[in-house]
Amino acid sequence: MISAPSSLSIWARNISPSPTLAVDAKAKALQAAGEDVCSFAAGEPDFDTPEHIKDASIAALKAGKTKYSPTPGIEPLRQAIVERYAAEYGLKAVPAQVIVSPGGKFNCYLGILATCSPGDEVIIPAPFWVSYPEMVKLSGATPKFVLCDDRAGFKLTPTQLAAAITPKTKLLILNSPSNPTGAVYTRAELAALVDVAVKHNLYILSDEMYEHLVYDGAQPTCIATLSPEAEARSIIIAGFSKTYAMTGWRIGTTLAPLPIAKAITELQSQMTSNVTTFTQYGALAALKEKEKTKAALVPMLAAFDRRRKNLHAELNKIPGVSCLLAQGAFYLFPNISSFGLKDVDFCSRLLDTEKVAAVPGSAFGAEGYLRLSYATSDEIIAKGVTRLARFCASLRK
Ligand SMILES: *Cc1c(COP(=O)(O)O)cnc(C)c1O
């Protein structure tokens, strides 16, 4: 008999697999089996990375940029990130505050690891991005959820925040524009939340991954610009994946006060070291070759905006469905609670009968909704909504 230890760690036993990646994988498997699937499950832009970004990375690879780089990133890239925060938000920072990590997801995890210990509590407004609770658990801390439903525009209020704080609360996680709801907080709304966080001496992890994907004239806010007190406690996460259609490159960024940045760099130095060196030159080109980047991004943003409006209008025509017109990211989060079906069952029957893939709201901590990504073609959106409408009609019979 072969014997081996039989109990995996509490970390391994407590982790839940990503439900969004699971729905996406099931949709792709059906597609591969020849089914005509309309997928609203994607968590990434359907565009390719702009050519000049690829070219810069290829040139760096050919020029031998194939060795380790400094753990927090190549100096010109960190400098360019500082310059873009200055240009976009008027924020004064230094390259030592910047850490480039293998994907914004890892930037989030390191930010949590640098600030949270076992016994601490972390406030996460729901609906939330699926990875936050798991990352908090992996730090040994405890996630505390506060539900913010569609009547509240999916936004946390200062009163709700104050009520959720205990002596153990260490960190508040904010994500605007939001995945999964697309909600964008105004500067005033964020300032009111930061006031509460400052009063209770919390750290803030602000995931600003979708800052450049905003519509209807909505403005993203960089939390660190709200006040010196905000800046002193905020870990700002951003990256290249969503803005520049670079999800597979795995490059994210953190901007944090110096002591936190130093801690994050040390954690990263023992876990992954630097982001793949030649890809960092592609990221540098995205920031430096501004005209080319802008020319590539304008049509992407226009396409997202058009699809957003179309999908929103079509969803609200379906009896029993109601959907807010979100102003950011590439998701809508319609309410389907009127059908009296658990959202998980709604989604699995929708996929089985109509071959439409959507992620249930409960995956994001909010039962009774669907997350629909419009990072897919106009044709798939049109066909998918027609099928969704037929499915909803069948439930009302
Ligand atoms: C996609 C995403 C990230 C991380 O993106 P990476 O692909 O890891 O760079 C972080 N936060 C949110 C809310 C996201 O949707």
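Whatever order the structure lists ligands and atoms in, that order sets their numbers, starting from 1. Predicted, not measured: the structure shown is a model, and the values here were computed from it.
Protein heavy atom closest to atom 15 (O) of ligand 1, with residue, atom name and distance, is Y210 OH, 2.7 Å. In terms of protein heavy-atom proximity, atom 1 (C) of ligand 1 is closest to K242 NZ, 1.3 Å. Ranking protein heavy atoms by distance to atom 13 (C) of ligand 1, first place goes to D207 OD2, 3.3 Å. Of the protein's non-hydrogen atoms, the one nearest atom 7 (O) of ligand 1 is R250 NH1, 2.7 Å.
Atoms of ligand 1 lying under 4.0 Å from at least one heavy atom of K105, given by number and element, are 4 (C), 6 (P), 8 (O). In summary, the atoms of ligand 1 found under 4.0 Å from a heavy atom of G103, numbered by their order in the structure, are 8 (O), 9 (O).
Taking T254 as the reference, N107 meet the side chain to side chain donor-acceptor pair (under 3.5 Å) condition, with sequence neighbours excluded.
Ligand 1 has an N or O atom lying under 3.5 Å from an N or O atom of N179, backbone or side chain. In terms of polar-atom proximity, G252 is not counted as a contact of ligand 1, lacking any N or O under 3.5 Å from an N or O of the ligand. Considering backbone and side-chain N/O of S241, one or more are found under 3.5 Å from N/O of ligand 1.
Crowding of K262 atom NZ: a count of heavy atoms from other residues, nucleotides or ligands under 6.0 Å not exceeding 12. Atom NZ of K54 has more than 12 heavy atoms from other residues, nucleotides or ligands within 6.0 Å.
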Report the C-alpha distance between F330 and R307 in whole Å, list the side-chain angles of each, state the deciding distance to 0.1 Å, and finish with yes or no for side-chain contact (heavy atoms from CB on, under 4.5 Å).
CA-CA 9 Å; F330 39 67; R307 298 162 179 179; over 6 Å; no
Kindly indicate, with the supporting measurements, whether the criterion ring-ring contact (aromatic ring centres under 6.0 Å, His included) is fulfilled by F154 and F364.
CA-CA 12 Å; F154 302 117; F364 310 94; over 10 Å; no
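Heavy atoms only, all atoms of each residue included: G73 and R78 are closest at O-CD, 3.4 Å.
A distance of 4.5 Å separates CD1 of I124 from CD1 of I173, quoted to the nearest 0.5 Å.
The part of N175 lying near ligand 1 is the side chain, judged by heavy-atom distances below 4.0 Å.
Ring to ring, Y215 and F304 are not that close: their centroids are 6.0 angstrom or more apart.
Of the listed residues (W249, F330, W129), the one carrying the non-hydrogen atom nearest atom 3 (C) of ligand 1 is W129.
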